[in-house]
Structures are given as C-alpha cells and as structure tokens.
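These notes are about the structure you will find just below.
Every chain is numbered from 1, with letters handed out A, B, ... down the list of sequences.
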Amino acid sequence: MYSAKVMEFFLNPKNIGEIENPDGVGEVGNPRCGDIMRITIKVEDDHIVDVKFKTFGCAAAIATSSMITEMAVGKTIKEALELTNRSVADALDGLPPIKMHCSNLAADALHAAIRDYQKRSH
Amino acid sequence: MYSAKVMEFFLNPKNIGEIENPDGVGEVGNPRCGDIMRITIKVEDDHIVDVKFKTFGCAAAIATSSMITEMAVGKTIKEALELTNRSVADALDGLPPIKMHCSNLAADALHAAIRDYQKRSH
Amino acid sequence: MGTIYLDHAATTPVHPRVLKAMLPYLQEQYGNPSGVYHLAREAKKALEAARERVAQFIGAQAQEIVFTSGGTESDNMALQGVARANRGRGNHIITTSIEHHAVLDTALALEKEGFSVTYLPVDEYGLVRVADLKKAIRDDTILISIMYANNEVGTIQPIGDIGRVAREHNIIFHTDAVQAAGYLPLDVNRDGVDLLSLSAHKLYGPKGVGALYIRKGTRIDTLLKGGGQERKWRPGTENVAGIVGLGEAVGLAREKMQERGARLRHLRDMLIAGVLGGIDFARLNGHPEKRLPGNAHFIFEFIEGESLLLSLDLEGIAGSSGSACTSGSLEPSHVLLAMGIPHELAHGSLRLTLGDGNTEEDIKRVLAVLPPVVKRLRDMSPLYSQNAEVSNC
Amino acid sequence: MGTIYLDHAATTPVHPRVLKAMLPYLQEQYGNPSGVYHLAREAKKALEAARERVAQFIGAQAQEIVFTSGGTESDNMALQGVARANRGRGNHIITTSIEHHAVLDTALALEKEGFSVTYLPVDEYGLVRVADLKKAIRDDTILISIMYANNEVGTIQPIGDIGRVAREHNIIFHTDAVQAAGYLPLDVNRDGVDLLSLSAHKLYGPKGVGALYIRKGTRIDTLLKGGGQERKWRPGTENVAGIVGLGEAVGLAREKMQERGARLRHLRDMLIAGVLGGIDFARLNGHPEKRLPGNAHFIFEFIEGESLLLSLDLEGIAGSSGSACTSGSLEPSHVLLAMGIPHELAHGSLRLTLGDGNTEEDIKRVLAVLPPVVKRLRDMSPLYSQNAEVSNC
Ligand SMILES: Cc1ncc(COP(=O)(O)O)c(C=O)c1O
Ligand SMILES: Cc1ncc(COP(=O)(O)O)c(C=O)c1O
C-alpha cells in the first residue's frame, strides 16, 4: 500500500524531536483523527536553518513529517511557504488515496510554524 | 437420489408392453406433467393372471410401473385393490420426496384397469 | 472406460493451471487482504492482479470489477441493486422469458416489491427480437437485462444491437455472460454493456466465485452490507484462492478462445449430424448457427428426459436435461416453453455440452449408445405406439 | 526466521487436513451437485456429508443448515431476511453497538428502509447487560441479533441468557458466532438460538464459504433468488470444495476444541502478562476472563496503531489494529468507542490473536520486540512528552 520511499522515511525518519527555544512552533491535527504533528523551526537570515518534528500518526504521517523537514531546511521563508502537502506526497512517490487528506499535513504544520515565527518577529 | 431397488427396476423392468385383448385397461397421468402410465390386465377366476405396462416418465415412474405389475400378478381383485402408491414406494425402498406425488401413480393405473375390468364384466 | 462428460454448461473441471495458481492461496499465502502486514499485502496483490485480468478479459477498467460468490450473486446484485438505487427514477425493468433463474426469479421478486417487469418473448430459435425490445421501452424503464447466450439451448443474442438501443434510451444494460464467457468475444464498450455477470466454474475455474462488471457511474446499490472489502461494493473476506483461480481461468480463456471454439464446433456439428441422422423423431433446439460452440440440445419425442439421462449415465455418459439447477424439478424448461415447444415434447429434452476434454471418440461412442437407449425407452412408452409407427416390442 | 502470525481473528491458514479433503473437489470430483449422473451425485453426497457435520457442530438438524459465501452473507441473510419476512408483524430490531460491520451496516441499511433499530450499549469490558436487552424489547420487536464473541476485543456475551429472554418474548434470535466457533461450545437448542452465522476461514477452513443455521419454522426471506440449490434457500452452484472444507474444519474444531483452548489460553496469558508488565501506559481491552482464548487486545497510549503494526511487520510480526476490514480506514474502532475508550486512545490499539501455529518462542520474541518498537514511536510522539514523563530523545 505504501511506496518504498514512504516506508524508508517511516523507518528512518530524520529530524525527530523539538528544537529548544525555537523561532516558530506549528501544531496541526487532532488526536481524535489519529494524526497530530508538531514542527519547530530555527530561522536565521530569513532562511530555515533547522527543523524538527514530533508526530503521532500512521506511517504516512511520520514519513511526510520527516520529508518536510528535509525539504524545508536551507530554504528561505518564501520558498518554504511554497511547499505544499501535494509536493510532499509527490516527493514520497505518492500516498494511498485514503491517506491524502488526513495524514498529509506536514506542509500545514510547517506553514503554521512559519506563521508563528512571523508573528513573533513582528 | 434413487434407491438401488428403484435403479434395478428402472434398468430391468418386467412386464413391459400391452396385453392383446386385455380384460381391463387403465391409463393415468398427463404428458404435460411428464408422466403417463398405461396398464393392461388379464383376469381369470377373480385373479389377476397377467399385467403389462407402458410408461412415459422418469425412472421413478418406470420403476413403480414395473413394481406394481410384479406385486399385482397372482393377486385377487380385492387384494390388488388394496395395493397403494405408498406400498409400491415402500417396496422400492422409498422414493425421493419430489417424486412421491407426480411419478408414483402405478397403483392408480392398476386400480383404473381393475375398474375398467369391473365395468366391462358387469 | 471413464465417464464421457458432456455437461460443461453445468460446470467444468478446474484446469490444472488454474488449480496450480490457486494452491499457494490455500497454503502458505493465507493472508487476509485487509491486513497491513506482508502476508496480507501479498494476498492483496494477487487480488488486484486477478482484477486486472478480468478487466482485460471484457475490455473494462480494473476498478469496475467486483468479485462475487458466482453468477447467481452477480445477477442478483445487478438486478436488485439497480432496481433499488433507481426506484426514484422509474420502476420498469425489461428482461426476457429465457433468462437463467438467477435473473428471472430476481425479476419476479422485484415485481412483488412493486416493480413492473416486461418479459420479452423469443422466436422458435430462442432469439429476442430487437423490435420487441424497442416496443417495450417506456419512459420509466430503468434496466434492461438480457443474457448474452442461453444456458439451455445455447442461442446467442444480438447483444451489440441491444446495447445500442439501451444507450440511445439512456437505460442501464445488464447482460448475463456466464455462458458466453470463454466462447464469445466480450467487450463492454463495443457492446454498450453497463453490467456484466461472470462465473468462474463455467470456464474451468472453481465453483463459488464470480464477478460483476459495473460501469463507472452506474447507479446501483450493494446487496451485502459490511466491511470495507471491494471498496464496500461487496463486503466479506475475499475468497482469495477462488479469485486467483478466476483470474487464471479468464487468462486461459483469452489464450484459448479461437482454438477452443473451432474444436468444439467441429465436435458439436459431428454430434448433431449423427443424432439427427441416426434417430427418428429427434430435433435440434436453439438456433442452427447462432449457438454456443459446445452446445447441442435435442428433443426426442415420446420419451422423458430424466429416464434418458439415467440410462446414459449407466453407459458412462453425463448429460443434462435443461439447466442443471432445474433437473431436480418436474417442471419442463421455461426456455423451451418460451420457444413455443409444447409441454409434452419439452419433457424429452437432452442437453449435451462439450468441453476441452472431449474427443471424436467420445462423440462416436455417444452416437453408438444413444439410439438403442432411445429405442428402449420408446418401447416402454405408451405415446410411441399411439403416435408413431408401431413398435415391435 | 519466518513470520510470527498473530492475526488469527482476521483469518487462519487452511489446515492441511482441510485442504486434503477439498482437493478431490478441485480435481476429478468436479460434478455439479444438481446433475443426475454419477459425478454429480458424488458431489451431492459430499455436500450433504458436510451439512451433517456442520449441523452436529452446533447441535442442529442437517436440513437447518444453509451454506453461504461466508460470515458476511450469513449475517446479511439473517438480518435482511428476517426483517423483510416479518415486516407485517413488527419493525423493531435489537442489536448491539459492538457487532461486526456485517451486522451493523445491515442494521443501518434496514433503518433506511424504515425499520427501527436499538443498538444496545456495552460496559467497559464490552459486555452487553441482559437488563438493557429486556428494557429494549417492544411489542413490535421481531429480531435480536447479538454476537457470541467479539472479533476485536474477544469479549464473550451471555448468549444463553439472551436466548432465554428472546424465547420468553417469542422474538427471533440471531447470533454471529463467526469468532466463537471452534473456541466456545455451540448448541442452538441449549442457547435458544434461531439463526447462527459461521465462516470457514476463521477456523482453519477456506475463505469464501460459511453457513447460516436457520431453525425450522423461522420466518425468513432469501437474499438471493435463482436456481433450486440449497432447497431454494440459497441458489447458485455450490462451492463444493469450499463446503467440504468447511465440513472438515468444523470436524477438526470439534476434536480439538479442548486442547486448542487450553494451549491458546496459556500462550495468551503469557503474552498479556508480559506486555502489561513490560510496557508503561499499556492496557488490556475486553473482559479479563470472559474473552476468547486466543485474543489479546492492547492500547499503548501516545502512539498510533498503524505505525505500530507496520513497525511490527518489519520485525516479522503480523498483528492487527481492530478488525481486519477496517484497518484501511482512519476511523477508530466503533467497538472501542462503544466501550467508552476515548478517540485518542482508541487509535493506539493492537490486536494479537493466537492460533495453532504459535509457540512460546513466538510469545517471547514478541515480548522482546514490542517494548523498543513502542518506545521508538513514543519518542516521535508529541503527545508522549506532553502527557507523560519526559522522554530523553
Ligand atoms: C446463464 C447463467 N446465469 C447464471 C448462472 C448462475 O451461476 P452460478 O451457478 O455460478 O451461481 C448460470 C449457471 O448456473 C448460468 O448458466
Ligand atoms: C464476528 C464476525 N462476523 C462476521 C465476519 C465476516 O465474515 P466473512 O469475512 O467470512 O464474511 C467476521 C470476520 O470478518 C467476524 O469476525
């Protein structure tokens, strides 16, 4: 049901954890739905220099979380805001249809973290 | 579905045919129903001395026809009238339920032949 | 000397290749396709591969195939499902008087639920007239269900013409292709078919598994309610081994269709010619040309079908009288009656349906055995001496 | 190192003795039981022998057994059939909130047809209270459908008490015994059961075949319409091999019940003790004693079921999260919710169901593998550090 890439990211997720004193925190999902993601970011010079995640959820949720952290790191805020749930799924060679809506929230979590950063820095 | 006895009587029926100048003829059934039996008898001294049958019908119809001829021969008219469809079926070690009504007409045919004999001799 | 099996329209032996494909799924590959672990995913893959094969077999998309427990369930799902889902749009159904009981009895049951059903007549060969179909169509007609080929007399209906009429009137068209599959080309798009029933055991697959093709977008209710299998179209743990068997059977059928058809037609024509030439008061039922390659269906006047069958059985020849599921019954075939054959003749029918295992030797033996058997029964028959030349018994 | 299969509630491997019994009917014994010739009569005999065995298995008469395509069809036939046949007498049905979807979704569909359904609640262990049942009964109640043992948490219902209540009120009583069969004694007369569903693949038989017991005299409609098979109760060419497999499977189950139960209980208790002793924030679901001998069902707080299952799969352990047919879904189990378990916890469930092939070695390996897997997922979970002691990741 999952692509090899999803399984690889599920099994060996990168960037697990929480950044201490993060510049932004984003949390999306709801444990009632079975998926919850928290992303913390560190921003320097308008670039995302560190991203970490914690995820309660299925393999798709964990893999997308890990993938977004890898995709976001090194990007400018503007570039990071262009990342979509769709592009995360594509980078994982697709997700099962049933997982597209509920477990594919990683870009949302990143955007929430960025908005939190922007709020704090204004 | 049929007892060994039915198959034996179906395969090796006795007394097939028609008696020439019979003392009584009985025909029952209806080709629309898939079964028709004609029984001819020869009567001497109030005893049935010869019986023959012709039957259009399934194995049960043929076996019961053959059986009734064997059961009737040598009997008095009174004894022959006591033979029932049920007793014919029993003598064949039973018939499948679905065949009890439609194909188990041999005693009726015999009785019809006897009634024909009685009518003629009165 | 083994049995000569001539009842392939009732069921066929499982082809060794089919059994071989099934066996792993009755042994080490026992996973439930709904699970998430490896064993389950393997079962799921096998299921989807079979679905792909069935789809290809009839020119459909894989997601339009739903696996069922056989032809009867497929037919019931098609008729009950369309009727219930379209009750709001109309309540008239058109079918024919020669359908299999799985369609006919479902139609009768729907009548009791308030649907109105037209049973199209057939001609003496068992053919539906497209003109009759056109006349029967009403504004509230929601479904046309007409079989591709008849299971008793083998007559092949003009399914393409029927599909065109259905499409012109925007009416859902179901065809029971249980007997046609493996012998006639199936193409749901060419023929404008919206629903199509298949059964594995008629084409060298296992009993108890079939499929229903459902064109995408067709309004239809499910028959069974339950788990999420078959995308909720048909819940219940899938008969994985059976479905894999169906997949292999249709694969085999595709490969063999041409050759099988030619072989069977040759044997069938030899059988028909021999019977009609060798036995008086015998007639062929069904259409002389538009008939299934393996079907030979006769009436022998003055004798009754069951006693003929049993007599043949004792000679090691397995045939049938009408359809398998009615041979326990005493009613003559509704198909023969619909073709205008009188009750008393309909009782004397014999269906011999040929298959891959049959040879010319088999036909020769049947042609040797049949005439004396018929003679013996006629000699017992009170109808024969009355109606025909006097027998000398 | 092979897979450790711990999903026997989803399906079981076909027992070699069962396969052996089936094989002739997938090979030379291919007759259609409806025929009149020898090959057909052999198939018919096999069918009737299997029917006799199933009847004995549940204390019924052979003619009260109807073969179906599995548990789902049996459940659908029971509910749809009784509802439609008794519409005149009443329109109220009682079932529970923890039934299998084959019962639950059928009940929901019947509600749409105008029937009124009461879904009895259960206590925290998944037990129905007989007092609740008594209160729910109305003058127009026509059917009570309550499962014998639950497929997710394994809780065993007081079926005898329920049967007595049903009988006192003269209400038809159906029980889904799909999970109970082979583990708990079945006796339809002792327990006052009028309809009982079985499925072969849960007791080492093949997938795609089951049975419905119908007490003589029960008012019930058929689901499928068609040929004369199963005395018209369930038309369609019979899955002879599958039915023979079911017959052998119930025979085997009868022989093995005692020994199997004791073995499984031992392994299960070892597993439960090990898990609860070795992992924090773990809890057992279902009743501590009134549970199926092979069922262990846990919740691990702060983690989600599917990622747990996949992680176990990668270690060669096959388990399930709730029922097999819903593991593709994102909804947490309706059974756990009905037992009062909150959504967020219900997502973290793991069902391990033991079977004949499992050994103490298997359990030891599970107990070695599970704690680090749970830890790894908790370390990723944003809920764990918030809710429990801080993890040191
Ligand atoms: C034309 C036709 N439709 C439907 C069926 C029913 O198929 P099954 O026996 O697989 O239920 C049959 C055969 O029995 C058939 O010949
Ligand atoms: C309690 C219960 N009822 C019904 C079913 C349905 O049986 P089947 O999958 O054979 O249709 C199952 C299993 O899936 C079950 O566990």
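Heavy-atom distances place no part of M77(C) under 4.5 Å from chain D, backbone and side chain included. Residue L312(D): no heavy atom, backbone or side chain, is found under 4.5 Å from chain C. Only the backbone of T12(C) comes within contact range of chain D, with at least one heavy atom under 4.5 Å from a heavy atom of that chain. Residue contact with chain C, scored on non-hydrogen atoms closer than 4.5 Å, involves the side chain of Q80(D) exclusively. A241(C) does not touch chain D: none of its heavy atoms, backbone or side chain, sits under 4.5 Å away. Within the 4.5 angstrom heavy-atom criterion, no atom of R231(C) approaches chain D. Looking at N239(D), both its backbone and its side chain come within 4.5 Å of chain C, counting heavy atoms on both sides. Of the atoms belonging to K44(C), not a single heavy atom falls under 4.5 Å from chain D. If you measure heavy-atom distances from L104(C) to chain D, you find no contacts under 4.5 Å at all. Using a 4.5 Å cut-off between heavy atoms, L39(C) touches chain D through its side chain atoms alone. The contact between H201(C) and chain D is made entirely by side chain atoms (from C-beta outward), counting heavy-atom distances below 4.5 Å.
Top candidate by heavy-atom pairs under 4.5 Å with chain C, chosen from V14(D), L223(D), T237(D), T222(D), is T237(D). Residue with the most contacts toward chain C among T72(D), T11(D), V18(D): T72(D) (heavy-atom pairs, distance under 4.5 Å). Put simply, of P235(C), A40(C), P206(C), the one with the most heavy-atom pairs under 4.5 Å next to chain D is P235(C). Top candidate by heavy-atom pairs under 4.5 Å with chain D, chosen from P33(C), G242(C), G236(C), is G236(C).
In this structure, OH on Y30(C) lies 5.5 Å from NE2 on H8(D), to the nearest 0.5 angstrom. Interatomic distance, E73(D) CD to R234(C) CZ, rounded to the nearest 0.5 Å: 6.5 Å. Rounding to the nearest 0.5 Å gives a distance of 13.5 Å between CZ of R84(C) and NZ of K112(D). Going from atom CG of L224(D) over to atom OG of S69(C) covers 6.5 Å, rounded to the nearest 0.5 Å. The line from CG of L26(C) to NZ of K207(D) is 8.5 Å long, rounded to the nearest 0.5 Å.
Considering every non-hydrogen atom in both D105(C) and K232(D), the closest pair reads OD2-NZ, 2.7 Å. Closest heavy-atom contact between K225(C) and A109(D): CE-CB, 3.7 Å. For the residue pair D313(C) and R41(D), the shortest heavy atom distance occurs at OD2-NH1, 3.0 Å.
Looking at D7(D), T3(D), L309(D) one by one, the single match for side-chain contact (heavy atoms from CB on, under 4.5 Å) with Y37(C) turns out to be D7(D).
Here the side chains of L23(C) and L23(D) are in contact, with some heavy-atom distance below 4.5 Å.
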